[in-house]
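Quick notes on the structure that follows.
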Amino acid sequence: MSSRGTKQKKGNVTNEQEEEDQPLQAVLIADSFNRRFFPISKDQPRALLPLANVAMIDYTLEFLTSTGVQETFVFCCWMSNKIKDHLLNSKWCRPTSPNVVHIITSDLYRSLGDVLRDVDAKTLVRNDFILVYGDVVSNIDVSQALQEHRHRRKVDKNISVMTMVFKESSPGHKSRCEEDDVIVAMDSKSKRVLHYQKTQGLKKLQFPMNIFQHGSDEFEIRHDLLDCHISICSPQVAELFTDNFDYQTRNDFVRGILVNEEILGNQIHLYVTNEGYGARVSNLQMYDSVSSDLVRRWVYPLTPEANFTDQRGQGCAHSRHNVYRGAGVSLGHGSQMEENVLIGRDTSIGANCHISNSIIGNYCTIGDNVVLDRAYIWNNVHISNKVKIHQSVVCDGVLVKEAVLLNKQCVLAYNVVIGPNMSLPEGTVVSMHHPEEEEDDDDDEFLSDDQVVGNSKDKTKQKAFNPAEVGSEGKGYIWKASLDEAEDEELAQCIWGLVLNPDPDSDSESEASDGSQDMGSRSVSPEMDDVKVFQLEVLGTLQRGEEENIGCDNLVLEINSLKYAYNITLKEVMQILTKVVLEYPFQQQGTKLSSSQYTVLLLPLLKKWSPVFKNYIKRAQDHLDCLSAVEELFLEQETHQTAMVKVLMNMYQLEILEEDAILKWFSAGATTDKSRQLRKNQGLQKFIQWLKEAEDESSEEGE
Amino acid sequence: MPGADKETDLSERIEAFLADLKRGGSGTGPLRGSGEMARETTALLRRITAQARWSSAGDLMEIIRNEGRRMTAAQPSETTVGNMVRRVLKIIREEYARSRGSSEETDQQESLHKLLTSGGLSEENFRQHFASLKANVIEAINELLTELEGTTDNIAMQALEHIHSNEVIMTIGRSRTVEAFLKDAARKRKFHVIVAECAPFCQGHEMATSLSKAGIETTVIADAAIFAVMSRVNKVIIGTQTVLANGGLRAVNGTHTLALAAKHHSTPLIVCAPMFKLSPQFPNEEEIFHKFVSPHEVLPFTEGEILSKVNVHCPVFDYVPPELITLFISNIGGNAPSYIYRLMSELYHPEDHEL
């Protein structure tokens with residue numbers, strides 16, 4: 001790893017002059033690697049779902065282009081053909097596009113980590129790049145952040161590997177995604193991230209003390225930040241993902257970097273903006289709020305009427321109360337479009353309808369006396385008379401028959417037929433795919449498109465629709481009824497993203513979020529655990545060392561790597577090592593050893609491993625630390641206090657400990673009664689006496 | 001193939017310009033001054049004339065009209081772009097007529113009788129090929145560019161005729177033309193300027209800083225204080241985004257308030273507007289008249305829960321009816337609002353009003 005780092009540095013020195021001229025690159029991940037939008041995303045990849053009648057990926061690409069990105073690598077996995085087709089027909093692949101889009105597809109990507117490892121393997125990025133998901137909507141001008149990032153890299157010689165872009169927004173803001181709720185501790189001067197943790201709805205959070213001990217004297221702990229999921233990365237990021245194959249998500253990466261900060265010397269910085277807009281559509285809750293922000297013009301100039309995708313006939317007119325009307329929209333007599341309404345092209349609306357806060361796609365027909373509130377209706381949807389829809393998503397090709405009532409948070413996936421005369425309870429999810437079929441292909445989630453479709457056709461034939469669920473003329477399966485109660489609720493909440501503390505071992509949870517949760521739970525008290533685990537590992541190493549007669553140099557190497565793995569300081573290493581070695585006889589033979597037996601067993605060990613000790617005990621302070629560890633141990637093992645003198649004597653003779661240090665320790669350290677008593681031990685007194693005399697002698701000799 | 005190269009280069013430039021237009025003005029009105037916008041549009045049109053493939057004036061006009069339509073659609077609020085397209089179209093018509101040898105006068109003065117008898121100038125009439133047409137058109141566009149370069153200076157030169165010693169002048173927001181106008185007057189005369197801050201973008205603050213740096217006594221007031229202060233003001237001098245066909249204005253928010261207050265106190269209201277801001281648009285074309293930007297300036301996004309409970313709007317422009325305006329000062333002199341229709345017919349050909 002270290003050789004890599006130096007290579008990188010050398011490369012960058014030569015590149016530095018060109019750095020300004022090189023085109024800015026971006027890595028766009030057009031896959032979410034989770035199933036939050038299931039069952040909708042079964043038919044259409046998430047990046048292509050319409051957000052205010054424009055595919056999500058177009059917003060991301062527009063954002064990248066407007067920040068000056070000249071080369072974008074789009075990575076697709078799930079339904080990559082559809083994404084490819086969409087991009088090839090869009091303005092991004094026209095020869096005049098200022099942003100060259102390369103599409104890279106593979107069925108093997110299962111996480112962000114896989115993609116970045118591929119980026120590294122193909123050496124696609126040459127310089128700092130922007131990393132985003134295909135469902136990020138933003139108009140933030142990141143050039144400032146980019147400049148700061150480059151400046152830091154120039155000054156600190158590639159120490160900063162990533163700058164994350166955050167937007168200020170106070171808690172309770174509707175565009176804050178509860179899953180992504182983070183708490184960040186940062187150095188206010190250098191904007192360095194010291195601690196990064198998802199709150200996961202926890203009321204109590206712990207911060208390791210050591211993060212506040214180095215660096216500057218000003219810290220900020222912030223909870224008013226909205227993660228925009230835009231990160232400016234150095235090329236090392238891809239390498240780090242390759243080196244650490246267990247990194248799956250950006251969260252893993254950030255935590256990994258922070259934990260290993262001392263060793264690798266990498267840092268992560270933060271860019272906080274209060275201008276612009278940035279959010280990721282990570283679940284339907286966010287879909288709801290980002291859509292309404294778009295219609296309310298928060299993302300200006302990416303407004304619905306701007307037609308930034310430059311598609312023919314997509315344009316619409318904006319009139320007061322944020323009502324947008326596409327070309328060829330017809331509105332029946334007495335229909336009202338109250339506020340924040342977007343209606344796509346060639347949609348016709350019947351008489352006496354009442355529409356507010358809704359988005360209606362292209363080529364829809366809506367009957368008479370329909371009430372729509374916070375409804376997201378996609379393309380080619382037919383809604384009959386007297387239908388009422390509240391805060392629901394209705395996908396392409398759905399037919400809603402007469403007098404159907406959709407309560408809050410319903411989802412009608414592609415081509416479903418509902419009704420007539422029925423009401424769907426809150427949180428109902430209806431899909432043409434049978435839920436059991438979903439369970440079946442849990443494993444081959446990343447199969448090709450055709451296979452899944454063929455699969456579903458067979459199943460559809462097998463099972464009849466339940467008229468009680470979807471109405472007498474309905475088509476589709478309710479995802480709720482076929483699953484048992486507990487799972488069902490979870491699903492409904494998942495898709496709307498209301499989960500605060502999801503069960504970590506639920507199957508419907510994504511790999512990615514699973515990973516983050518594990519990280520989260522470990523983070524509550526990472527220090528204690530790590531120290532204990534480290535101690536066990538050291539013990540194991542020494543045992544193996546003894547059994548297999550491994551050389552001391554190799555032992556030192558192993559302990560060093562353990563130290564890095566568990567983020568242990570040098571001081572702790574020494575104390576733990578001392579403790580482990582001194583306890584070693586007890587570990588092997590049980591605690592009922594007599595003092596003499598103990599010393600017999602221990603002394604050869606000490607002799608054998610003295611090079612290991614010498615490797616760690618160098619400075620005066622190290623000696624004292626080691627001595628205090630010895631003292632601590634013998635305070636616990638009161639019966640063996642007599643052995644202590646022998647141990648000390650031995651360590652002195654093996655030149656592990658210096659006499660100055662021992663004398664200093666003896667005269668200083670007595671803080672508790674017990675340790676004072678310990679110092680009154682006759683043997684110890686004698687030993688000290690002897691040491692003093694020896695010192696006098698040697699000093700006399702010296703003179 | 002050098003020809004193909006040229007064409008891709010041209011279309012790349014057009015796309016870049018369109019993208020710029022679309023992103024233009026992320027909150028604080030036009031990002032660049034409209035003067036610069038006019039110059040850039042004209043330069044691009046000159047490039048199209050030079051590099052696109054066309055054989056007759058009719059072809060060229062069609063190309064320019066097409067591109068013009070896209071440019072205006074990209075940012076409907078930037079009327080300058082459309083105006084410059086119309087100016088260039090007019091130039092082509094004139095050059096074509098001159099090449100054919102007929103006088104310009106006949107084209108311009110279309111009487112009702114002529115319209116009835118000839119059926120107007122139809123497109124077939126532009127099919128004739130003239131070798132010198134391209135050079136002539138480019139020459140004429142260059143002249144237009146030189147005219148554009150000098151507009152602000154031309155307006156500023158007239159300052160001394162309008163501003164007298166010890167006057168109190170009021171203005172609103174920030175207009176580069178007004179800024180130059182006042183600074184020019186300040187070289188010879190001493191006067192006091194009151195600047196309305198023009199919330200929520202508060203461009204007035206910038207204006208005041210810039211004026212006071214030039215040694216002009218400047219006071220900034222809140223928009224709400226406009227009426228209260230008006231009684232002390234001798235003259236109101238403002239800039240505008242567009243001069244509409246009826247002589248009205250499309251200017252920054254708050255200008256209507258200012259104009260009404262000026263009317264109430266019978267204070268003269270002078271508008272500094274270069275000719276390229278004159279647009280054949282009427283105020284009733286609602287969809288393209290308004291421009292709403294991100295409500296961030298009105299209620300910051302950082303506010304928490306309240307945002308989901310309220311609707312926030314942030315319009316940029318105000319309409320000022322022509323009755324409230326005393327005088328327009330353009331680069332070709334002072335005009336009353338009632339004269340605008342005449343200027344319009346001089347600048348643009350009636351067939352080009354709709355692109």
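Chain identifiers are assigned alphabetically (A, B, ...) following the order of the sequence lines, protein sequences preceding nucleic acid strands; residue numbering begins at 1 within each chain. Atom set for the values below is all heavy atoms of this structure, side chains included, hydrogens, waters and symmetry mates excluded.
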> Shortest non-hydrogen contact from A/Trp298 to B/Ser294?
Replying inline: O-OG, 3.5 Å
>> Taking every non-hydrogen pair under 4.5 Å, which of B/Pro295, B/Pro300, B/Ala73, B/Ser11 racks up the most with chain A?
In response: B/Pro295
>> Regarding B/Asn311 and A/Asn340, do their side chains bring together a donor and an acceptor under 3.5 Å, going by distance alone?
In response: yes
>> Given heavy-atom pairs under 4.5 angstrom as the criterion, report whether the side chain, backbone, both or neither of A/Glu275 touches chain B.
In response: both
> Taking everything shown except A/Arg325 itself, do over 12 heavy atoms lie less than 6.0 Å from its CZ?
Replying inline: no
> How long is the gap from NZ on A/Lys174 to CD1 on B/Ile306, to the nearest 0.5 Å?
Replying inline: 12.5 Å
> Which one, A/Asp141, A/Leu226, A/Thr303, A/Asn322, leads in non-hydrogen pairs under 4.5 Å with chain B?
Replying inline: A/Asn322
>> Could you measure the distance from the CG atom of B/Leu307 to the OG atom of A/Ser170? Nearest 0.5 Å is fine.
In response: 8.0 Å
> Taking atom CZ of A/Arg320 and atom NE2 of B/His313, what is their separation to the nearest 0.5 Å?
Replying inline: 10.0 Å
>> Could you report the tightest heavy-atom contact between A/Pro95 and B/Glu12, atom names first, then the distance?
In response: O-OE2, 4.1 Å
> Is the backbone N or O of B/Phe301 less than 3.5 Å from a side-chain atom of A/His173, with the two atoms forming a donor-acceptor pair by type?
Replying inline: yes
>> Using heavy-atom distances under 4.5 Å, tell me whether B/Arg13 contacts chain A through its side chain, its backbone, both, or neither.
In response: neither
> Should the ring pair A/His318 and B/Phe292 be called parallel, tilted or perpendicular, given that the plane angle runs from 0 to 90° and is split at 30 and 60?
Replying inline: perpendicular
